[in-house]
Amino acid sequence: PVSDEYSGQDYFFNEKHFNENNKVSSPIRIIGDNEETLTSKHNKYSIVGDLCPSLKEAIRVFVLNICIRMVRGDVNEHNTMLVNMTHLNILQGQLTEKITDYVDEIINAIDANHSLGYTKSLSSSHLKDLKETFDKCLNIDESYKKVFRFLPKAANKIKVYGINNESAQALDYSPYRDVGLAAIVIGGHKLSRGLTLEGLSVSYFARNSKMYDTLLQMCRWFGYRPR
């Protein structure tokens, strides 16, 4: 018997996720716009474009997930989002910059508008996007109003890391043991070889690969997820 707190194969790949209208309630979302950001067939001369809607949505889901965990009492726990779109370090660097810029936009919008309250803050496009993402992607007992309270604390915890053999950054959770780190980690090969990701809650995976070490990253989804 498997504990209800365990998320495994049956949780992610269960036929029951398809209802009579063939709509999916699975935690997995199939994306179709990633080519807008980076084509599947790319090389070191390729250019990373603007962040596609599905990647922006995934980042917003990550922000909301941190809030939801705070509502449920996991205020100082680690949270991680994984972004794997390319094995090329130079393109990972470009992607890291663009994701950092978008996260900064969200943080600035929350800091500037949160004090207006739940309703008036929706005049900000980023706050409106967060509310719409909550309604579209999350099926939980908590209301958005309750989650909204934690947006400033959650967003300002986020740090973006580009992790590869050439980057100076190192993913180290230990300095944040008491307050919890919220990390968005962008990488490729280095992420597939034993790097621990604490509190993994969102994976954005857009790769063509024949390498099992890349495909097996999906096993990181499996694990105990209390609350």
Side-chain angles (χ1 to χ4, degrees), residues 6-9 11-13 26-35 37-38 40 42 48 51-69 74 77-104 106 133 137-138 154-155 157-174 176 180-209 211-225:
Y6 183 77
S7 301
Q9 179 173 325
Y11 178 70
F12 288 100
F13 304 101
S26 167
I28 295 173
R29 301 287 187 270
I30 305 301
I31 55 177
D33 60 355
N34 52 288
E35 300 275 329
T37 299
L38 186 62
S40 298
H42 56 259
V48 174
L51 299 189
C52 56
S54 66
L55 180 49
K56 287 184 174 181
E57 182 177 83
I59 293 169
R60 294 195 298 270
V61 168
F62 180 62
V63 175
L64 293 166
N65 181 78
I66 302 167
C67 296
I68 294 164
R69 293 197 68 190
D74 292 338
E77 299 297 325
H78 300 310
N79 294 274
T80 306
M81 174 180 178
L82 167 64
V83 179
N84 190 333
M85 297 186 73
T86 176
H87 67 286
L88 296 174
N89 295 346
I90 189 170
L91 299 185
Q92 291 171 21
Q94 294 179 36
L95 191 58
T96 299
E97 290 180 6
K98 290 180 179 290
I99 289 176
T100 299
D101 289 343
Y102 182 61
V103 169
D104 287 343
I106 293 176
T133 299
C137 299
L138 297 168
K157 288 180 69 171
I158 297 175
K159 299 184 183 301
V160 181
Y161 294 83
I163 302 297
N164 55 56
N165 293 328
E166 296 178 1
S167 65
Q169 287 183 301
L171 182 61
D172 185 3
Y173 294 91
S174 58
Y176 305 92
L181 173 64
I184 298 179
V185 186
I186 299 99
H189 290 322
K190 194 169 182 179
L191 293 184
S192 65
R193 299 195 174 116
L195 190 66
T196 299
L197 300 178
E198 300 282 355
L200 180 65
S201 58
V202 179
S203 290
Y204 190 88
F205 190 91
R207 284 278 302 277
N208 284 338
S209 179
M211 302 296 291
Y212 276 95
D213 64 347
T214 301
L215 299 175
L216 284 171
Q217 284 197 47
M218 288 188 289
C219 290
R220 292 173 185 255
W221 302 345
F222 299 174
Y224 288 90
R225 302 284 194 271

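Everything numeric here is computed off the predicted structure, so don't read it as measured data.
- For Y176, the ring-ring contact (aromatic ring centres under 6.0 Å, His included) test picks out no residue, with sequence neighbours left out.
- Under the side-chain hydrogen bond (donor to acceptor under 3.5 Å, both in side chains) criterion, S7 pairs with no residue, sequence neighbours left out.
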Apply the test side chain to side chain contact (heavy atoms under 4.5 Å, CB included) to residues L51 and D101: give CA-CA distance (whole Å), side-chain angles for both, the deciding distance (0.1 Å), then the verdict. CA-CA 10 Å; L51 299 189; D101 289 343; over 6 Å; no

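- In the displayed structure, I90 atom CD1 is contacted under 6.0 Å by at most 12 heavy atoms of other residues, nucleotides or ligands.
- Applying the side chain to side chain donor-acceptor pair (under 3.5 Å) test to residues at least two apart or on different chains, the pairs with a partner in residues 54-69 are D33-S54, S54-Y204, E57-K136, R60-Y102, R60-T133, N65-S201, R69-D74, R69-N79.
- Heavy-atom minimum distance, T100 versus T96: OG1-O, 2.7 Å.
- Interatomic distance, I184 CD1 to Y161 OH, rounded to the nearest 0.5 Å: 11.0 Å.
- Residues R29 and C137 approach most closely at NH2-O, 3.4 Å, considering heavy atoms.
- A search for side chain to side chain contact (heavy atoms under 4.5 Å, CB included) contacts involving T86 returns L38, H42, L88, L91, Q92, not counting sequence neighbours.
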Applying side chain to side chain contact (heavy atoms under 4.5 Å, CB included), run through I59 and V83 and close with a yes or a no. CA-CA 10 Å; I59 293 169; V83 179; 5.9 Å; no

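- Nearest heavy-atom pair across N34 and A206 is ND2-CB, 3.8 Å.
- Remark: the backbone N or O of H78 is not paired with any side-chain donor or acceptor of E198 at under 3.5 angstrom.
- Note that CG of N84 and CG of L95 are 10.0 Å apart. Values are rounded to the nearest 0.5 Å.
- At distances below 3.5 Å, at least one donor-acceptor pair connects side-chain atoms of Q169 with backbone N or O atoms of V160.
- The two residues I66 and A154 make their nearest non-hydrogen contact at CG2-CB, 3.6 Å.
- Side-chain contact between Y173 and T80: present, with at least one pair of heavy atoms (C-beta onward) separated by less than 4.5 Å.
- Minimum heavy-atom separation, F62 to A183: CZ-O, 3.7 Å.
- The side chain to side chain contact (heavy atoms under 4.5 Å, CB included) test applied to D172 returns S174, P175, not counting sequence neighbours.
- I31 places none of its side-chain heavy atoms less than 4.5 Å from the side chain of L55.
- Considering only heavy atoms from C-beta on, M81 stays 4.5 Å or farther from V63 through its side chain.
- A pairwise comparison of heavy atoms in K157 and L181 identifies O-CD1, 4.4 Å as the closest pair.
- Take Y6 and apply the side chain to side chain contact (heavy atoms under 4.5 Å, CB included) test, not counting sequence neighbours, and it matches V2, F222, Y224.
- A distance-only check finds a donor-acceptor pair linking the side chain of E35 to the backbone of S40 [under 3.5 Å].
- The CD atom of Q94 lies 12.5 Å from the CD1 atom of I186; values are rounded to the nearest 0.5 Å.
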